[in-house]
Enquirer: 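One structure follows; several queries about it will come next.
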Amino acid sequence: MRNIIIAIDGHSSCGKSTLARDLAAALGFGYVDSGAMYRAVTLFFLDHAVNLADEDAVVNALDDILIEFKHADGANRTFLNGQDVEEDIRSMRVSELVSPVAAVPAVRRALVSQQKALGRKGGIVMDGRDIGTVVFPDAELKIFLTAEPDERVRRRQLELREKGVDLSADIVRENLLERDRIDSTRADSPLRKADDAIVIDNTQLTRQEQLELVQGLARAKMTTG
Ligand code: DC
């Protein structure tokens, strides 16, 4: 069996992280949530009032940022400079600024190079927006996940509610669509489907069904080539 790289891209809240996590666990692979890295940078920029328009300030701030992932009780937690920020990076104040931060070329350069290093040995599932196009253009398996907007809003609301955050569907929808707009139209590595990615619409699929579907594709790649 080959230790392949699996890239999962798609719009906000269509279940990329759930699929990536399930798949990594099923295959015994590592999992990297690249969005969490952009969120951690955004949290640091907010807490240190870094001006996005000031390139020197951005580059200096990036030098002061160390992002790590640690696994505890089957869960993946994000650490920023040694501090567990898993909850903070999912907050609305971070969600509202993360797309503008992720559009800054210096930020992308720094994070893409860390992401490439994390995948050097293969045996990894990474989800994001530019994984199949920029981070791992040679990934053996590329998935472009989609789901209908209403379903994405419903899932995101549910996820927030589980964290004790109750927001109206309108507010959640506005944030999702605005992020999609910025992520898809930025000049530097916009969200787009890689030519060789397989499109999966999971609107009507259960978590188990989507896992089985992609696990089958992954195993086929792992036993060939
Ligand atoms: O996957 P997520 O919703 O947690 O990602 C948060 C933001 O980070 C998303 O709106 C765009 C950005 N992002 C990106 O530009 N490139 C990636 N590979 C992953 C995320």
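Read the numbers this way: they start at 1 and go in the same order the structure lists the ligands and their atoms. Treat the numbers as computed from the prediction; the structure is a model and nothing was measured.
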Enquirer: Taking the basic N atoms (NZ, or NE/NH1/NH2) and the acidic carboxylate oxygens, is any pair closer than 4.0 Å for Arg77 and Asp33?
Expert: no

Enquirer: Report yes or no: do Asn76 and His71 form a side-chain donor-acceptor pair below 3.5 Å?
Expert: yes

Enquirer: Verify the distance criterion only: is there a donor paired with an acceptor across the side chains of Arg90 and Ser95 at less than 3.5 Å?
Expert: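 Ser95 and Arg90 do not have a side-chain donor-acceptor pair below 3.5 Å.
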
Enquirer: Taking only heavy atoms of the protein into account, state which residues are under 4.0 angstrom from an atom of ligand 1, in chain and number order.
Expert: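 Its neighbours under 4.0 Å (heavy atoms only) are Ser34, Gly35, Tyr38, Arg39, Val98, Ser99, Ala102, Arg108, Gly128, Arg129, Asp130, Ile131, Arg179, Asp183, Arg186, given by chain and number.
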
Enquirer: Who are the ring-ring contact (aromatic ring centres under 6.0 Å, His included) partners of Phe144, not counting sequence neighbours?
Expert: none

Enquirer: Flag the pair Val153 / Arg156 as yes when at least one side-chain heavy-atom distance between them is below 4.5 Å, and no otherwise.
Expert: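 No, their side chains stay 4.5 Å or more apart.
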
Enquirer: Decide, yes or no, whether a salt bridge links Asp196 with Lys142 under the criterion of side-chain N to carboxylate O below 4.0 Å.
Expert: yes

